[in-house]
Amino acid sequence: MRKRFPIKKYWFLGLFVFVGLQFDDGFALAQPILKDSYQGIGLVPAKNENYVEARRKAVIYAMKNAMEKVIKDLMDEEKFAANQGGLKKIIRRASRYVKSYRYLESQDHIENKTSEVVLEVRFFSGAVNQALVGLGITAGPINEHKVIVLIKESSFTSAPLSSFWDIVPISETQLAQNFLESGVEIIDRDQIRDTIPEAVVLGAIKGNTEDIRNIGLKAGADVVIVGTTISKLKINKQTGIKVVQVNISAKAVSIVDSFLIAAKSDFAIVKSEYELLAELEAFDKTSQKLADFLLPSLYRYWEKGLQASDQKVKNAPPIPMADM
């Protein structure tokens, strides 16, 4: 008579292994889960009794306070303390990850000359998780979204270039770094410099949709960011102080559906005794402003797709550069 015990034994063992593997896979792929919203509080002194400006700053502080609660909610105190250097960058730039917010309270304390706000803040969960993964703090799947940044830069401290590929622009480097710090995967320009002619890049910067798409396809990016930057110097003859103004304009285009995700122009003015230091600081400030504007638009687009896009790109006009 054939015994059936071994069959049951191996069936049970197989089931145990299967369940175990499913548990391991689920554990490996699991990511920290954010709550729907977090409360943040901001209290800021009103300098010269300017409560409008104080309230604006209080909102920023409230977002940072809410982001700190997010991070502490996603990890234990020991891990939070061990990674404060990287986590402070995320907290400092909390506004990049904000999906929406609403006021719960807003008060100007005349007796203390302060402005206080209490916000209910909702964050892009994927963006926060990806930022933590980028810092190596949490494990998670590789970001499937890839971005390439190409900026044509005109600097008063640099000699005119014979080719777009001759040097990596400061503004392009800093903008790409801002994206990297927020967990966005950036494709290096060196990967395409030998396959993309300069004329194609310049055409993309001028607004040619086909050139933009060509860059994205060859780079393997689903979003292409192109733009222009210019820096100019003015010197106060009486004081010798150097005044540097940097203007930057850029737009982000989805390669998959040829949609304009976002476009922005901004500038920064910096005064210093040393023109090179002033220019570097101005480049950094404008790149930061642009990243703070573009990142939420990218997150929104990646989460909602076409619904988050503003308009289809049909040979879009050249990127404007404000007069200085």
If the threshold is 4.0 Å, N to carboxylate O, is there a salt bridge linking [X] and [Y]?
| X | Y | value |
| --- | --- | --- |
| Glu49 | Lys113 | yes |
| Arg93 | Asp292 | no |
| Glu68 | Lys64 | no |

Among side-chain atoms of [X] and [Y], is any donor-acceptor pair under 3.5 angstrom?
| X | Y | answer |
| --- | --- | --- |
| Asn65 | Tyr38 | no |
| Ser182 | Arg96 | yes |
| Asp194 | Trp165 | no |
| His109 | Glu116 | yes |
| Asp108 | Ser115 | yes |

Please enumerate all residues that pass salt bridge (charged side-chain N to carboxylate O under 4.0 Å, His left out) together with Lys152, with sequence neighbours excluded.
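Salt bridge (charged side-chain N to carboxylate O under 4.0 Å, His left out) check on Lys152 returns nothing, list empty.
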
Closest non-hydrogen atom pair between Glu172 and Ile151, with its separation
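Closest approach of Glu172 to Ile151, heavy atoms only: OE1-N, 2.9 Å.
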
Over all heavy atoms of both residues, which pair between Val226 and Ala204 is shortest? Give the atoms and the distance, please.
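Between these two residues, the closest heavy atoms are CG2-O, 3.8 Å.
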
Taking C-beta and beyond as the side chain, do Ile212 and Lys251 meet within less than 4.5 Å on heavy atoms?
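Heavy-atom side-chain distance check passes, below 4.5 Å.
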
